[in-house]
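We count ligands from 1, going down the list as the structure has it; atoms in each ligand are counted the same way. What's counted below: heavy atoms across the whole structure, side chains too, no hydrogens, waters or symmetry copies.
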Amino acid sequence: MFCFTDIQNYHGQLKTGATTCAQAVQFYLDEIKSQQALNAYLEVFAEEAIEIANRLDAERLEGKPMGPLHGVVVGIKDVISYKGHALSAASKILENYTAVYSATAIEQLLNAGAIIIGRQNCDEFAMGSSNENSAFGAVKNAADITRVPGGSSGGSAVAVQANLCMVSLGSDTGGSVRQPADFCGVVGLKPSYGRISRYGLIAYASSFDQIGIFSKNISDAALVLEVIAGADDFDSTVSARAVPEYTQVIHQALGPKKIAYFKETLTHPGLDPEIKNQIENQIIALRAAGHVVEGVDFDLLNFIVPTYYVLTTAEASSNLSRFDGIRFGHRTTEKVEDLAELYKLSRTEGFGAEVQRRILLGTFVLSAGYFDAYFTKAQQVRQKLVEFTSQVFAQYDFIISPTVPTTAFKLGTQHQSATEIFLADIYTVYANLVGIPGISLPLYTHSNGMPFGLQVMSASFEESALLSFSNSLMQA
Ligand code: GLN
């Protein structure tokens, strides 16, 4: 039977003829079918995937060189455009929309030989932490189906966790790759802001959004990053810096590193005591391995969640104004008197409660009377965070923290209070506020049986160091 460990091993099997791309695709199609109850996929591109697999198998037999992602079976979060395929952002408002172009990241995957097997469920417009904000039903955590997978890229995390694809692409605006990776026990990488083109990614908060990668191990994340990172004429915010050979550098031996942790993250009242204990043990282990690990004061910690929600909702209210019932997606069939009413009804019917909440909040913080009190203040905090971060990285190579204060919570229990849910983003939003890369490594298991991770962050565009350090932690 087909068994996937990592891409390099899979490629070895393809070369010896031990397996084929068609067998791999069939394996995943069968798994997706038998685990349909997880609700990880909104749509599976079965026929097309089989066709591409057969073509790749034929080309390989003819001796055509294999692309770096030859036959790699990838799932994509349903916020990434794939030409000719439905694209819904898990929202009723885009339910019948078909993408008219492909995201640059998708083009690069396809050029490298990847097979895209389907689009994955998520929170509506990537807003949420449990995947329960999807208009197409919640996703279930494969480690315990009574629990959430996290969000917003819940389907993408579960797909890797439950062997429904080899790797997934998600998006991370405030933790949407790292948090579900933590809840599902997989690797979740959010690269630096501007490392991967966002052309073709549905915008939530443009100064935060970044495409991220879910995988079972570091080498696969490194390989996918190597393929999809880099300059793009279609995205003026993407960096033109050369893309290092991440797959090579991760195996380089690492000397002793200087690692910081923020003292306040470990004394945070919402932090599960077992998670705290595990991170403290990790600090001891890192010191024993020769690294310097020091606590740093971070008195802005309690400001980061409000700052994130002021700025992201402001940007979302502007980004989502294009979904007006005229140009895209759902339009009301009610009789209307004028254009304003058409907008209002179409948007009221099309957007779910959480998206509406955020559009309202964002419009409020941008309104004339409150702009300075909220938006300007939040931008000032963001600036302070950026300055603080460059001071930290002048002295340290990495920052470590828990990824999330708790393990995956029960489905249906998250609706107590929006503020409570927002506060659980406390460890992840920082990396997006300052643009640095972060990764969640599936290193631990809680006594409740659920996995949880360690978050490691580095200075911007230091993904090479981040990945090689992560690799050493995963091997240990
Ligand atoms: N939980 C965060 C939010 O709801 C993260 C979202 C994201 O990264 N897309 O905004």
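- Looking only at distances, no side-chain donor or acceptor of Arg178 sits under 3.5 Å from a matching main-chain atom of Ser440.
- If you check the side chains of Tyr430 and Thr389, you find a donor sitting under 3.5 Å from an acceptor.
- For the ring-ring contact (aromatic ring centres under 6.0 Å, His included) condition, no pair includes a residue of residues 138-182, sequence neighbours left out.
- The contact shell of ligand 1, taken as protein residues with any non-hydrogen atom closer than 4.0 angstrom, comprises Ala126, Met127, Gly128, Ser129, Ser152, Asp172, Thr173, Gly174, Gly175, Ser176, Tyr204, Tyr308, Tyr309, Arg358, Asp425.
- When the side-chain contact (heavy atoms from CB on, under 4.5 Å) test is applied to Asn277, the partners found at least two apart in sequence or on another chain are Glu280, Asn281.
- Partners of Asn448 by side-chain hydrogen bond (donor to acceptor under 3.5 Å, both in side chains), not counting sequence neighbours, listed by chain and number: Thr407, His446.
- Inspection of the Gln383 and Glu387 side chains reveals an N or O donor paired with an N or O acceptor under 3.5 Å.
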